[in-house]
Visitor: 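Submitted below is the structure of interest, expressed as structure tokens.
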Amino acid sequence: MSRFILRYRGTGAKPAGDVERVRALPSVTVLDDSSPRMLLVEAPQTELNALVDSMPGWIVTQERMIPLPDTRLKPRRDKKGE
């Protein structure tokens with residue numbers, strides 16, 4: 001199963017009824033719902049897409065990991081011949 005971010009694009013906070021519909025699916029695990037407008041879930045993509053299509057104002061995107069750059073200072077290398 002993959003992880004997905006569900007984002008509510010309507011006005012106000014995410015509807016509690018919609019959140020309960022997501023939680024009610026047996027194959028969906030809600031990993032984080034602390035955001036007022038988003039959910040992080042683990043679920044099969046086809047089932048999740050079918051559910052989100054029936055809930056107006058919601059979009060679903062697959063979670064992506066973006067590596068952070070290495071910002072540690074590194075010693076300078078002396079140029080040869082100088």
Side-chain angles (χ1 to χ4, degrees):
M1 275 195 271
S2 299
R3 291 175 146 196
F4 297 93
I5 299 166
L6 277 66
R7 183 171 193 284
Y8 182 62
R9 296 184 65 175
T11 56
K14 60 189 177 228
D18 288 351
V19 174
E20 289 308 312
R21 287 182 63 195
V22 172
R23 287 184 184 279
L25 283 178
S27 58
V28 174
T29 303
V30 176
L31 302 172
D32 185 9
D33 70 345
S34 60
S35 170
R37 300 178 66 77
M38 290 187 268
L39 296 169
L40 176 63
V41 300
E42 190 172 68
Q45 185 171 7
T46 53
E47 288 182 40
L48 191 61
N49 284 340
L51 177 65
V52 170
D53 287 344
S54 71
M55 298 187 320
W58 288 88
I59 59 169
V60 62
T61 57
Q62 190 163 11
E63 180 186 44
R64 294 183 304 164
M65 297 300 233
I66 300 172
L68 295 173
D70 183 7
T71 59
R72 295 177 290 182
L73 295 175
K74 297 171 184 67
R76 290 186 194 186
R77 296 183 186 215
D78 289 336
K79 292 184 181 179
K80 204 170 193 174
E82 290 185 15

Visitor: I need the minimum non-hydrogen distance between A13 and Y8, along with the two atoms involved.
Guide: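 Answer, listing the atom of A13 first, then Y8: O-CE2, 3.5 Å.
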
Visitor: After noting the C-alpha distance and the side-chain angles of L51 and R21, does the key distance pass the side-chain contact (heavy atoms from CB on, under 4.5 Å) rule?
Guide: CA-CA 8 Å; L51 177 65; R21 287 182 63 195; 3.6 Å; yes

Visitor: Quick one: pull up NZ in K14 and OG in S35 and give me the separation to the nearest 0.5 Å.
Guide: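 These two atoms lie 5.5 Å from each other.
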
Visitor: Step by step, would you call R23 with D33 a salt bridge (Lys or Arg N to Asp or Glu O under 4.0 Å)?
Guide: CA-CA 11 Å; R23 287 184 184 279; D33 70 345; 2.5 Å; yes

Visitor: If you look at every heavy atom in S27 and P44, which pair is closest and at what distance?
Guide: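 It is O-CD, 3.5 Å.
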
Visitor: If two hydrophobic side chains count as joined below 4.5 Å and joins carry through other members, does V60 share a cluster with M55?
Guide: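 Yes.
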
Visitor: Following the transitive rule for hydrophobic clusters with a side-chain heavy-atom cut-off under 4.5 Å over Ile, Leu, Val, Met, Phe, Trp and Tyr, establish whether V22 and L40 coincide in one cluster.
Guide: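 No, no single cluster joins them.
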
Visitor: Rounded to the nearest 0.5 Å, what separates atom CG in L48 from atom CG in L25?
Guide: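 Taking CG in L48 and CG in L25, the distance rounds to 8.0 Å.
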
Visitor: Pick one: which of V41, T61, L39 meets side chain to side chain contact (heavy atoms under 4.5 Å, CB included) with F4?
Guide: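 That would be V41; it is the only one of V41, T61, L39 passing the side chain to side chain contact (heavy atoms under 4.5 Å, CB included) with F4.
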
Visitor: In terms of hydrophobic clustering (I, L, V, M, F, W, Y; side-chain heavy atoms under 4.5 Å; direct or indirect links), are V19 and M38 co-clustered?
Guide: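 Different hydrophobic clusters.
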
Visitor: To the closest 0.5 Å, what do you measure between CD (Q62) and CZ (R64)?
Guide: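 That separation rounds to 10.0 Å.
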
Visitor: Verify, without hydrogens or angle tests, whether R9 (side chain) and R37 (backbone) share a donor-acceptor contact under 3.5 angstrom.
Guide: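 No; zero donor-acceptor contacts below 3.5 Å.
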
